[in-house]
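Data block below; observations after.
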Amino acid sequence: MTLNILFIQVDQLCAHSLAAYGNRIVKTPNLDRLAEHGAVFETAYCNFPLCAPSRFSMATGQLCSTIGAFDNAAEMGAEIPTYAHYLRDLGYQTALSGKMHFIGPDQYHGFESRLTADLYPADFSWAPNWAAEGKRDTNDPQSVLVSGICERSVQIDFDEEVTFKAKKHLWDMARSGDDRPFFLQVSYTHPHEPYLCRREWWDLYEGADIPLPRVPAMRAEQHDAHSIRILRDFGMLDYAFKDEDILRARRAHFGAISYLDAMIGELLDVLASTGADQNTVIIFTADHGEFLGERGMWFKKHFFEPSLRIPLMVSGPGIGAQRVSEMASLVDLLPTFCGLATGDTWKSEIEPLAGEDLSAYLGQPSRQPERTIRAEYLAEAALAPIFMIRRGPYKYIASSADPAMLFNVEDDPDELVNLANDPTYSQTVAELQADVETHWDEEDITRRILISQKRRRFIHQAHKKGEPPRWNHDEEPGEKVIWYRGEQGYSEWAFDYLPEGAKPEALGT
């Protein structure tokens, strides 16, 4: 039996926010059901804790330094095969509903059809500048302070359209004469900040014992160098949020997760109604995590567990309930999709990939993790490339610009004790540093990043003279849309598009 594949991805969700990973507060009955009847990968990571690069590494099965997708405004070359290309070659019809954050003129990258526009700009407006960051379009304390109830926002508009178009596509395939199996990616923007949700989902947590962060906010001198840069970039360094601000933002984030779960339930209902549930495998994950106030940090852009660790579940025909202890990451999805499609362990004949086919672990006895997982951060607020290796219990973070960090994640899950300078672990540090130097050429990567940033910033400036092109899917130059197109600050856009009378009820002061 050839399997259809429904790939559901959400934005900015840490694994620890779901019941399948131990959360006893957040209500997600549909995701709970997927986890109950399918495979849950207990330790899964993104390979770049930032939206667009995470998706590009995922789509290509390659690390971003390999394909030149360095940040949220870097183009992924049209010559690089994605899972959509590989699956089309295997006879699948491929469609995308929702956010993928493609940059540049190619807005398909192997998908046969796109059902929606993208939420974010496809041009170079978000290109970083390591030489002089200056004032950038970035997050700020407003994201936490302006949180709570919101009956309608542009993000809600987007995800409602994503769900509607995806459901329609599932119905259309069921009644079409196209007998090819389908690959449908449904990609949501929730629960990405702003931390807002409709009253229905806010009220779901009335009286819930929502906890404050396990690790409270730290003073500047307690943070590592990269955390300081990120917090300074956000205007949050040594910023003291009140407990009520933190809890309100967390409650709204949990409400947004429950809202997502309800929409996922609608997709599952259509599968059942058409009978496609009998031959469709469902994969659920996120592009990266969310700090949600841990260590006084919010959003992502670091290798600490809340930002890096993601949920990964696989459910469908022939996949029994199991917990997979072997570590995984998003670059594994391309070979995994192809393994599920072919019914056999799969490897690319085009080029070596950074990931491997996880379907080989389905239905197998659990075992001690043996794999090495690699991630990188090459975007804004960095002074040089930053690399991460997870092997066994250890997580190693290295950069020529910052002191090294080593954590035993099993013994120290909050990553509070840096072992890098402890003589007891000198051999471990030496081995992991050797791995960094073997797998990454920092000098070459830095050279390519700096010239890419200069080129893209120049092109973006040149495009401002005259009518700038609009690369976004199905849009014309100068066309006004409600989606974000870099014409104002991100936070201003997110809050400006709240309809009149639907402002959040609880505003921080």
Worked check of salt bridge (charged side-chain N to carboxylate O under 4.0 Å, His left out) between Arg229 and Glu380:
CA-CA 9 Å; Arg229 290 193 299 269; Glu380 61 273 1; over 6 Å; no
Any chance you could lay out the salt bridge (charged side-chain N to carboxylate O under 4.0 Å, His left out) test for Glu305 and Lys395, step after step, and finish with the verdict?
CA-CA 10 Å; Glu305 292 287 282; Lys395 179 187 290 184; 2.7 Å; yes
Tell me, with the steps shown, if Trp483 and Phe158 meet ring pair (Phe, Tyr, Trp, His ring centres under 6.0 Å).
CA-CA 8 Å; Trp483 318 127; Phe158 186 78; 5.2 Å; yes
With ring pair (Phe, Tyr, Trp, His ring centres under 6.0 Å) as the test, would you mind laying out the steps for Tyr396 and Tyr394 before giving the verdict?
CA-CA 6 Å; Tyr396 182 64; Tyr394 297 109; over 10 Å; no
Could you go step by step and tell me if Ser57 and Gln62 meet the side-chain contact (heavy atoms from CB on, under 4.5 Å) rule?
CA-CA 5 Å; Ser57 61; Gln62 305 274 20; over 6 Å; no
How far apart are the C-alpha atoms of His190 and Asp159, what are their side-chain angles, what is the distance that settles it, and do they pass the side chain to side chain donor-acceptor pair (under 3.5 Å) test?
CA-CA 7 Å; His190 283 82; Asp159 280 348; 2.5 Å; yes
After noting the C-alpha distance and the side-chain angles of Glu442 and Ser400, does the key distance pass the side chain to side chain donor-acceptor pair (under 3.5 Å) rule?
CA-CA 8 Å; Glu442 183 180 336; Ser400 62; 2.3 Å; yes
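Residue pairs meeting the side chain to side chain donor-acceptor pair (under 3.5 Å) criterion with at least one partner in residues 211-225, sequence neighbours excluded, are Arg214-Asp414, Arg219-Glu221, Asp224-Ser227, Asp224-His302. The salt bridge (charged side-chain N to carboxylate O under 4.0 Å, His left out) analysis of residues 420-439, with sequence neighbours excluded, yields the pairs Arg374-Asp435, Arg391-Asp435.
Listed by chain and residue number, Arg33, Asp261 satisfy the side-chain hydrogen bond (donor to acceptor under 3.5 Å, both in side chains) test with Asn30 (two or more places apart in sequence, or in another chain). Under the rule for a ring pair (Phe, Tyr, Trp, His ring centres under 6.0 Å), Phe41 has no partner lying at least two apart in sequence or in another chain. Taking the side-chain hydrogen bond (donor to acceptor under 3.5 Å, both in side chains) definition, one finds that Glu244 meets it with nothing, sequence neighbours left out. Considering only residues two or more places apart in sequence or on other chains, Glu326 meets the salt bridge (charged side-chain N to carboxylate O under 4.0 Å, His left out) condition with Arg367.
Residues Arg448 and Asp444 are paired through a salt bridge, judged by an N-O separation under 4.0 Å between the basic side chain and the carboxylate. Ion pairing between a basic and an acidic side chain is recognised when a charged N comes within 4.0 Å of a carboxylate O; Arg250 and Asp245 show no such pairing. With respect to the salt-bridge test (charged N to carboxylate O, under 4.0 angstrom), the residues Arg371 and Asp332 qualify.
Remark: Lys99 is not positioned above the aromatic ring of Tyr188, lacking an NZ or CZ atom under 6.0 angstrom from the ring centre and at most 45 degrees off the axis.
Annotation: the span from Thr428 atom OG1 to Leu419 atom CG amounts to 9.0 Å, rounded to 0.5 Å. Note that the CZ atom of Arg248 and the CG atom of Asp243 stand 11.5 Å from one another [nearest 0.5 Å].
With contacts defined as side-chain heavy-atom distances shorter than 4.5 Å, the pair Val417/Phe407 does not qualify. Side-chain contact between Ser65 and Ile445 is present, with at least one heavy-atom pair separated by less than 4.5 Å. Two residues are said to be in side-chain contact when any heavy atoms from C-beta on lie closer than 4.5 Å; Asn129 and Arg457 meet this criterion. In this structure, Tyr83 and Thr60 have side chains that are not in contact, with every pair of non-hydrogen atoms separated by 4.5 Å or more. The shortest distance between side-chain heavy atoms of Trp126 and Asp71 does not fall below 4.5 Å. With a 4.5 Å cut-off on side-chain heavy atoms, Asp411 and Pro393 do not count as touching. With a 4.5 Å cut-off on side-chain heavy atoms, Ile230 and Phe291 do not count as touching.
By the 30° and 60° cut-offs, the orientation of the rings of His463 relative to Trp471 is perpendicular. Using cut-offs of 30° and 60° for the angle between ring planes, the Phe48 and Tyr377 rings count as tilted. Under the 30°/60° scheme for interplanar angles, the aromatic rings of His192 and His288 are found to stand perpendicular.
Across every non-hydrogen atom of Ala20 and Ala35, the tightest pair is CB-CB, 3.7 Å. When all heavy atoms of Asp238 and Ala220 are compared, the pair lying nearest together is OD1-N, 3.1 Å.
Aromatic rings from Tyr120 and His101 are positioned such that their centres are separated by under 6.0 Å.
For Tyr484 (side chain) and Glu487 (main-chain N/O), no donor-acceptor pair under 3.5 Å exists by modelled atom type. Arg390 contributes a side-chain N or O that, together with a main-chain N or O of Gly392, makes up a donor-acceptor pair within less than 3.5 Å.
Partner of Phe234 under the ring pair (Phe, Tyr, Trp, His ring centres under 6.0 Å) criterion, out of Phe299, Tyr239, Tyr490: Phe299 alone.
Other residues, nucleotides and ligands place no more than 12 heavy atoms under 6.0 Å from the CG atom of Asn421. Residue-environment remark: CD (Glu160) exceeds the threshold of 12 foreign heavy atoms within 6.0 Å.
A donor and an acceptor atom, one from each side chain of Gln9 and Asp287, are nowhere located under 3.5 Å apart. A donor-acceptor pair shorter than 3.5 Å can be found between the side chains of Trp440 and Glu376.
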